[in-house]
Amino acid sequence: MNFLSLMTQGGPVSQLVAMLLLMMSVASWVVILWKAWLLPRAVGDVARSTAAFWQSASVEEAREKVASFDRETLVLPLIAATNIKANGTLASAGDRAQQLTRVLRDALHATLRKLQFGQVLLATVGATAPFVGLLGTVWGIYHALIGMASAGQVTIDKVSGPVGEALIMTAAGLAVAIPAVLAYNVFGRYIGRIEADLEGFALDLRELLVAE
């Protein structure tokens with residue numbers, strides 16, 4: 001019996017566990033493939049966008065240049081946030097340095113939330129999938145032992161088959177968890193690099209505009 005047959009021939013609990021593992025695997029692989037495409041591209045885009053900004057003659061010119069490089073819209077929100085308008089609210093209170101700090105921090109947090117999307121899912125799948133698989137294994141072994149006890153005579157061939165089938169759930173849980181954990185760690189390094197670049201750019205941009 002393999003994993004697919006457990007989904008169709010196992011008991012209700014085994015089927016539920018198998019279905020849950022399948023959904024966790026599909027969800028994590030969707031995130032993995034999407035972020036594997038997004039993050040390496042974002043690293044290059046941020047580097048090119050910031051370089052184009054500092055090679056421009058003005059902020060307006062820089063905004064136009066950055067728009068052609070910033071395909072994931074990671075740098076443009078920081079530049080757009082500096083267009084502060086006085087409206088008589090607390091958001092516009094304080095001197096220009098304070099206002100720039102506030103708007104750049106908010107824009108940076110919004111950008112980082114975009115980059116962090118899916119990380120919680122990968123961490124959750126990596127942490128819980130082995131235990132979900134273990135639950136299926138324990139439940140399968142329990143029912144196998146109950147069935148053998150009711151049959152009367154117990155031999156090694158009658159034990160090895162049901163127990164081996166139940167252990168498939170543990171292997172399935174690990175197969176789901178390991179890619180999620182590896183992807184979480186790799187993507188975390190990409191995100192950390194992009195975050196450092198954006199924080200540095202936001203700080204330099206603030207200093208530039210305060211000095212105007």
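Side-chain atoms are counted along with the backbone in the values below, which use heavy atoms only and exclude waters and symmetry mates.
Pairing each heavy atom of Val181 with each of Gly126, the nearest pair is CG2-CA, 3.6 Å. The two residues Ala18 and Met169 come nearest to each other via the heavy atoms CB-CE, 3.8 Å. The minimum heavy-atom distance linking Ala180 with Val125 is given by the pair CB-CG1, 3.9 Å. Closest approach of Glu61 and Ser56 over heavy atoms only: OE2-CA, 3.9 Å.
The shortest distance between side-chain heavy atoms of Val43 and Leu39 does not fall below 4.5 Å. For the pair Ile191 and Lys35, the minimum side-chain heavy-atom distance is below 4.5 Å. Residues Leu74 and Leu115 have side chains in contact (heavy-atom distance under 4.5 Å, counting atoms from C-beta outward). Contact of the Arg96 side chain with the Leu100 side chain is registered, since non-hydrogen atoms from C-beta on lie closer than 4.5 Å. Residues Val176 and Val132 form no side-chain contact, since every pair of their non-hydrogen atoms from C-beta on lies 4.5 Å or further apart. Side-chain contact check for Leu33 versus Trp37: every heavy-atom pair is 4.5 Å or farther apart. In this structure, the side chains of Leu198 and Thr111 come closer than 4.5 Å at one or more pairs of heavy atoms. The side-chain heavy atoms of Leu20 and Leu16, taken from C-beta on, include no pair separated by under 4.5 Å.
More than 12 heavy-atom neighbours from other residues, nucleotides or ligands sit within 6.0 angstrom of CZ on Phe53. Other residues, nucleotides and ligands contribute over 12 non-hydrogen atoms within 6.0 Å of the CZ atom of Arg63.
In terms of modelled atom types and a separation under 3.5 Å, the side chain of Lys114 and the main chain of Glu72 share a donor-acceptor contact. Counting only distance, with no hydrogens or angles, the side chain of Ser25 and the backbone of Leu21 share no donor-acceptor pair below 3.5 Å. Checking side-chain atoms of Asp70 against main-chain N and O of Ser49 turns up no donor-acceptor pair under 3.5 Å. A donor-acceptor contact shorter than 3.5 Å is absent between the side chain of Thr170 and the backbone of Thr137. The backbone N or O of Trp54 sits nowhere less than 3.5 Å from a side-chain atom of Lys65 that would complete a donor-acceptor pair.
Shown are Val103, Leu108, Thr101; of these, the side chain to side chain contact (heavy atoms under 4.5 Å, CB included) with Arg105 is made only by Thr101.
The cluster map of Ile, Leu, Val, Met, Phe, Trp and Tyr, joined by side-chain heavy atoms under 4.5 Å apart, puts Leu208 and Leu76 in the same cluster. Hydrophobic clustering of Ile, Leu, Val, Met, Phe, Trp and Tyr side chains at less than 4.5 Å, counting indirect connections, keeps Ile178 apart from Ile32. Linking Ile, Leu, Val, Met, Phe, Trp and Tyr residues whenever their side-chain heavy atoms come within less than 4.5 Å places Ile79 and Val210 in a single cluster.
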Worked verdict on Asp204 versus Thr50 for side chain to side chain contact (heavy atoms under 4.5 Å, CB included): CA-CA 10 Å; Asp204 293 340; Thr50 53; over 6 Å; no
